[in-house]
Structure formats: C-alpha cells, structure tokens
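Everything below concerns the one structure shown next.
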Amino acid sequence: MAAATFTPDGQTRLYGLFGYPVHGSLSPAFQNAGFRALGINALYLGFPVRPDQFAIAVRGLVAAGLAGFNLTVPFKVEILPLLEAVTPEAQAIGAVNTVRCDADAQGVRLTGTNTDGLGFLRSLERDLHYDPRGKRVLLLGAGGAARGIAHALLSAGAGKLWIANRTAVRAAALVQALRPAYPRAQIEALALDGTAGLRPQLLVNSTTVGMGDQKSPVRLAAVQVEEAVADIVYHSAETPLLREARSLGLACTNGIGMLLYQGCAAFEFWLSRPAPESAMHEALLAALRARQ
Ligand code: ATR
C-alpha cells in the first residue's frame, strides 16, 4: 500500500478530524490516499478531543501549523465561535464540517464550510445520474444529516420537499428553519407513519435506521416511491430499505458516495485542486472491507 511508504518530514502539512470519538472514522484512510495519489506531502489524523478541551485543542493545533480539518459529532456547531469566516452553505446549514487555516503575517484565519450537502448532490449525480430539480422528494429524518441534505435539495431546485420524522415536531422545526432561506419552495413536515401513498419521485433516508439493525424506516411499496432511493447509511452495502428499492426496480444508492464526495469537496476546499476521486474511493472501500 502506497501510504506505508510515506515518511513525514519537517515540511509535512497536517490535516485532521476533530470528534469524540473518532476511532471509527474512515476519513483518515481516504484523505491520506488522496494525498498519496497526488504526491502531496501531507498527513491526515484523527483527533479524539474531550468536549471540554475542544477550543484549547483547536487553538493549540492551529498555532502549531494545522493546515485544515474536519469536524464530526459533537463539534459541527461548537466550532462556529472559533472561526473568522463561514461560507454561505455553512451559514445556511448552521453547522461546519470543514475548516481551512490560512496563515499570513497577521496570524491564522479560519474559514469554515459545510460539504455534506455538496457531497450528497454529487453522489446523486455520479452514482444515480439523478437531478433533483423539479422533483417531488421525501426526506426521512430531521437530525443534523437531514439539515444539510434538505438545504442541498432545495438549493438544487427540488419542486416539493416533504420532511418526515419519527418525532414529528422535529420535522416541523426543521421546516420552519428552512423557510426563510427558500421562501418560494414547497416544504412540508410529516410524521414518519404518515407517508403512505405520498408518491414521491425520490426518497432519501437520513435516519440512522438500518445502520446496525435490520430494520427499514418505511415500506417503499406503501409510500409508492416512483423513481429512486438514496440511503445515507454506509455501514452495509445494502440496507433493508435498499433491498426493497432494488426489488421494486427503483434506482438506488447507499451512503458511501455521500461520505466519499463530502471528503473530496473538503480536500478541494483545502487545496484548491480536484480531488483524486477514484484513489479515494478505492481506499474508502478497502477500509470498509477491512472492518467487516
Ligand atoms: P444525524 O446527525 O446523523 O442526523 P441525529 O441528529 O441523531 O443524527 O438524527 C437521527 C435521525 O434518525 C432522527 O431523525 C431520528 O428521529 P427522531 O428525531 O425521532 O429521534 C431518526 N431515528 C433514529 N432512530 C430511529 C428509529 N428507530 N425510527 C425512526 N427514526 C429514527
């Protein structure tokens, strides 16, 4: 494996992921593969940081020359007060998953963005050849992942967006939060058990159902999905939801693409050059296989 031959030196640029925990993350595997594929002298590590040490850890590593980083649970909102600037995407979503550290004579400027929505859209495009513009879309879930995906779908011109959640008030709160940014969009909140007969063209699962269990958040046949299903769960190649989608002849994709492409978009945000997608994809699949 090429990564084994890499030897850091005094000029190696450091990148990483802040989270708690981070030991299960696949990002180091595919970000380092991206660096190696392009011959970039950089290293990506996981930083497991106790929440009460977060600000001190970020400031310390930035002072030591950290070039850029990702954030995962529970730091995507915690990072906001430490940033000098955020992109419009991150502003709209209210959460940051990627930060670039730009150093000059005055100091270091931290700019945050959110690549989750972009990663999701790129996965729809590359894996499903699907354009959500003008489509009726049912999004299951109203957590952090749903927020990024809802913004992505609305900014891509989805014609109608239903957000269905087990806890219906959470879906209603997300719809309320989205409305000011998309005043003309058709957005509606529902309970998960109120989705029968909705006839969406695209269904997106952003709930954690199917992650470790053999359950499905809804029956696709009852919802009467017409064209495609995207499940953001990536731990198993085929969740029960995707199995049903395949049996119904619907186009479908799991969450590997979203995970990969949000990472590729982060790579591009840091380095201002195209990410080596196929090398990163291969490394991600190898890391997933090694875990099974
Ligand atoms: P994430 O940041 O990954 O979106 P989250 O914020 O914890 O994680 O959200 C998890 C989502 O999965 C929520 O929409 C949650 O529904 P509730 O808001 O009702 O908790 C949904 N979810 C988790 N377990 C579920 C289950 N067994 N059935 C249906 N929905 C479930």
Electrostatic pair [X]-[Y], nearest N-O below 4.0 angstrom:
| X | Y | result |
| --- | --- | --- |
| Arg243 | Asp231 | no |
| Glu268 | Arg122 | yes |
| Glu238 | Arg246 | yes |
| Glu226 | Lys135 | no |

Do the non-hydrogen side-chain atoms of [X] and [Y] ever get within less than 4.5 Å of each other?
| X | Y | result |
| --- | --- | --- |
| Phe120 | Leu124 | yes |
| Met258 | Tyr234 | no |
| Val108 | Asp102 | no |
| Arg289 | Leu285 | yes |
| Val137 | Pro200 | no |

Sub-6.0 Å ring centroid separation between Phe30 and Tyr44: no

Phe18 and Phe54 aromatic ring geometry - parallel, tilted or perpendicular at 30°/60° bounds: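 Judged by the thresholds at 30° and 60°, the geometry between Phe54 and Phe18 is perpendicular.
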
Atom of Thr239, atom of Gly210 and distance for their closest heavy-atom approach: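 For Thr239 and Gly210, the tightest heavy-atom pair comes out as CG2-O, 3.8 Å.
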
Arg126 charged N/C atom sitting above Tyr261 aromatic ring, 6.0 Å / 45°: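 Because its charged atom sits under 6.0 Å from the ring centre and within 45° of the axis, Arg126 does stack over Tyr261.
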
Residue pair Asn70 / Asn97, side-chain donor-acceptor N/O under 3.5 Å: no

Result of checking Pro240, Pro217, Ser216 against Val209 for side chain to side chain contact (heavy atoms under 4.5 Å, CB included):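 It is Pro217; the other options fail the test.
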
